[in-house]
Amino acid sequence: MNPSRRNLIKGLLISSAAIPAITKTAPIAEKVLKELEAKENEEHNDECYGYYYEPWVLESQEKINYYKALNLVEEVNGKYLVKNPLLPDKCQTYTKEYKYDKYELLPPGADENFYSKCVRCGLCYTACTHMNYHTLKLRGLEKGLKYVGTPVVYDVMNYPCELCMRCTEVCPTDALKEVKPSEVKMGVALIDPDLCWAWNSGDCKSCASACPRGSEVFDFHFNEWGVHTRVKGEECNGCGLCVRACPVPGAAIHVLPKEEYEKRIKNFKNTGMTYDEYLELIKKAEETDPFTATIRSSLNADYLLNVRKAKPLESSGLGE
Ligand code: SF4
Ligand code: SF4
Ligand code: SF4
């Protein structure tokens with residue numbers, strides 16, 4: 001990232017406690033908060049898009065004053081929400097931490113006939129445990145009798161799949177097919193560009209470096225703001241090694257089952273835009289409206305550092 005822009009972002013962060021309120025409260029967008037509150041306790045897989053993201057509710061008066069001065073505050077039922085600098089009629093939202101956005105995935109080599117072929121022998125689980133990866137667990141009664149004893153990938157942040165393929169080799173019924181690692185489709189990784197250092201002020205490529213297939217799976221967009229990373233959904237195996245590698249607390253990159261991924265990219269964070277359109281909006285602002293792009297980046301860095309408690313990357317220069 002251009003050093004002068006980095007200094008500007010840093011300056012904005014430092015001054016965020018010092019600017020007095022100079023504008024009126026922005027128009028109320030009750031819909032956003034109602035939608036989020038209504039969906040808070042719902043299950044993952046419904047038709048709405050409000051459950052996996054959350055707004056930034058400002059708590060300190062200094063921050064409220066600072067973002068009001070930038071006309072970036074929505075007051076909703078006595079709460080102060082930050083607006084999206086690129087979409088001022090929407091609130092800024094962030095994908096929830098991984099522990100609140102965690103999905104069970106089918107093991108490598110499983111297809112739509114998996115449950116009719118799996119004889120619940122547990123050999124895949126034993127193989128994975130023997131390899132010391134602990135990626136698989138056998139289901140108990142939590143999903144009902146039909147699923148008891150079936151293997152599941154349950155926590156890719158802590159136990160990603162190393163694609164060693166031992167589980168597929170030992171499966172006696174072909175419920176886990178012996179496919180090549182590059183053909184595995186457990187899920188699809190999706191980066192939230194508002195949480196990702198590479199889309200804000202850092203030069204992070206930890207996810208791409210951890211990915212066993214690197215540039216086959218990742219796209220890189222270079223501009224003076226840095227190197228922006230994007231997962232090519234059709235190539236991703238869903239192993240989760242990227243999730244474990246992400247330095248953002250709660251991870252800026254999550255692995256989703258394919259259906260969930262498809263839903264999210266169609267209407268990313270309920271903006272009415274596809275995921276790719278949202279990324280293009282950021283890139284366009286960086287090219288044509290550097291002031292707004294700088295505000296966006298500093299706002300997201302503020303959230304990362306002060307709400308998510310992320311450590312500043314050395315390359316971002318924000319921690320100096
Ligand atoms: S491929 Fe290896 S690490 Fe992945 S689930 Fe199978 S045995 Fe475990
Ligand atoms: S992007 Fe992530 S989940 Fe997809 S293959 Fe690479 S490391 Fe695995
Ligand atoms: S590791 Fe996390 S912060 Fe770094 S580029 Fe990937 S998603 Fe972004």
Side-chain angles (χ1 to χ4, degrees), residues 94-95 98 103-110 122-138 151-157 159-171 175-221 226-258 261 279 300-301 304 308 310-313 315-316:
Y94 299 93
T95 302
Y98 172 75
Y103 285 83
E104 292 187 339
L105 307 169
L106 285 177
L123 286 172
C124 52
Y125 163 78
T126 306
C128 190
T129 306
H130 184 68
M131 298 292 288
N132 218 15
Y133 293 138
H134 306 283
T135 307
L136 299 178
K137 74 170 186 183
L138 297 178
V152 65
V153 176
Y154 66 104
D155 180 358
V156 292
M157 175 177 267
Y159 304 105
C161 172
E162 304 278 346
L163 298 172
C164 70
M165 309 314 285
R166 278 299 289 149
C167 51
T168 65
E169 289 163 20
V170 299
C171 177
L176 302 182
K177 289 198 175 61
E178 285 196 64
V179 293
K180 290 184 204 151
S182 60
E183 291 166 358
V184 168
K185 296 282 174 211
M186 289 178 281
V188 192
L190 185 66
I191 294 174
D192 182 342
D194 294 320
L195 280 176
C196 168
W197 282 120
W199 283 90
N200 290 287
S201 54
D203 296 329
C204 183
K205 291 184 277 299
S206 300
C207 50
S209 304
C211 179
R213 294 180 50 229
S215 59
E216 280 177 71
V217 174
F218 278 82
D219 267 335
F220 301 96
H221 174 81
V227 183
H228 299 335
T229 45
R230 177 187 172 282
V231 176
K232 295 180 220 166
E234 66 286 1
E235 294 291 341
C236 172
N237 305 131
C239 66
L241 288 161
C242 52
V243 180
R244 182 172 67 181
C246 179
V248 171
I253 182 166
H254 292 181
V255 174
L256 309 170
K258 188 155 187 289
Y261 171 83
L279 299 187
N300 288 336
L304 280 164
R308 282 291 172 97
K311 291 199 181 100
L313 297 182
S315 55
S316 74

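Remember, it's 1-based here, ligands and their atoms both numbered in the order they're listed. We use all heavy atoms of the structure for the numbers below, so side chains are in, but hydrogens, waters and symmetry mates are not.
At a threshold of 4.0 Å, the pair Glu235-Arg230 does not count as salt-bridged, since none of the basic side-chain nitrogens sits closer than that to a carboxylate oxygen.
Lys311 meets the side-chain hydrogen bond (donor to acceptor under 3.5 Å, both in side chains) test with no other residue; sequence neighbours excluded. Residues that satisfy the side-chain hydrogen bond (donor to acceptor under 3.5 Å, both in side chains) test with Thr229, not counting sequence neighbours, are absent from this structure. Residues forming a side-chain hydrogen bond (donor to acceptor under 3.5 Å, both in side chains) with Glu216 (at least two apart in sequence, or on another chain): Arg213.
With respect to atom 8 (Fe) of ligand 3, the closest heavy atom belonging to the protein is Cys196 SG, 2.3 Å. In terms of protein heavy-atom proximity, atom 5 (S) of ligand 3 is nearest to Cys204 O, 3.3 Å.
Proximity to Pro247 (heavy-atom distance under 4.0 Å) selects the following atoms of ligand 3: 1 (S), 2 (Fe), 4 (Fe). Taking a cut-off of under 4.0 Å to the non-hydrogen atoms of Ala198, the atoms of ligand 3 that pass are 5 (S). Counting atoms of ligand 2 from 1 in the listed order, those under 4.0 Å from a heavy atom of Phe218 are 1 (S).
At least one heavy atom of Pro212 sits less than 4.0 Å from an atom of ligand 2.
Side-chain atoms of Asn132 and His130 form no donor-acceptor pair, as typed in the model, at a separation below 3.5 Å.
Within a radius of less than 2.8 Å around atom 4 (Fe) of ligand 1, the protein N, O or S atoms are Cys161 SG.
Here the side chains of Met165 and Val179 are in contact, with some heavy-atom distance below 4.5 Å.
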